[in-house]
Amino acid sequence: MSETYDTIVSKRDTRRFSDRPIPPDTLARLVQAARMAGSAKAAQPVRLVLVSDQAQKERLAACGNFTPHIPTCQVAVVFVLVPEAGVVGAPFAIFRGPFDAGRAAQNLMLAAWAEGIASCPASMHHAEQAAEVLGLPEGHVVANVIALGYPADDPDPVLGTRPRLPATDYVHRNRWGE
Ligand SMILES: Cc1cc2nc3c(=O)[nH]c(=O)nc-3n(C[C@H](O)[C@H](O)[C@H](O)COP(=O)(O)O)c2cc1C
């Protein structure tokens, strides 16, 4: 077993954060981890908006239906897809853009967890409202928002309560059902 493997399999989404700030150099490393994710055809359609302003975190939280954790996090990292990279609205948009954003977001969350920083994604159900709150240019869309922070002393009651499928249901070999 490697430390990398342990970090990956122990990562759980956490919605309860402490007040401890994330040092700027640590945040810079997490951003770098996201930035280094590959993208389809190296189109690099992902940009980040780092939201640490409290009022702005609250405005962002109002754009999702399951987002009470956003105002309590230290930094909400917004993953934005840009149209210039030919992703938003293009035929491959449905596969490429969200996949690229997901890769970058997972890089960021795992790099964070390796340093003891918890995280939880959030969907922006009211996507146009989120774009307006963030002042995104025309055609830019929010893929996801990752709430970051050191875990609170009182643990998140949801933590670890979502079991994974048994491996036998999860994996098929050569053909479906085998
Ligand atoms: C694309 C995506 C969107 C999500 N949106 C939300 C959300 O809006 N609010 C929330 O509390 N959790 C959200 N989650 C977190 C999931 O609920 C979480 O990954 C799942 O429950 C598994 O959690 P675990 O790894 O702690 O077991 C989202 C996760 C993903 C991958």
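Start at 1 and go down the list; that is how both ligands and their atoms are numbered. Treat the numbers as computed from the prediction; the structure is a model and nothing was measured.
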Check whether the side chains of Ser119 and Trp113 place a donor and an acceptor atom closer than 3.5 Å, and report yes or no. no
Compute whether any side-chain donor of one residue and acceptor of the other, for Gln32 and Arg29, lie under 3.5 angstrom apart. no
Select all protein residues for which some heavy-atom-to-ligand 1 distance is less than 4.0 Å, and list them by chain and number. Arg12, Asp13, Arg15, Phe66, His69, Cys120, Pro121, Ala122, Ser123, Asn144, Arg162, Arg164
Check for a donor-acceptor pair, side chain of Asn144 on one end and backbone N or O of Ser123 on the other, with a separation under 3.5 Å. no
Under the ring-ring contact (aromatic ring centres under 6.0 Å, His included) rule, what pairs show up with a residue in residues 25-79, not counting sequence neighbours? Phe66-His125
Sidechain-backbone polar pair: Lys11 side chain, Met109 backbone, donor-acceptor under 3.5 Å: no
Is a side-chain donor or acceptor of Glu115 paired with a backbone partner of Thr26 at a separation under 3.5 angstrom? no
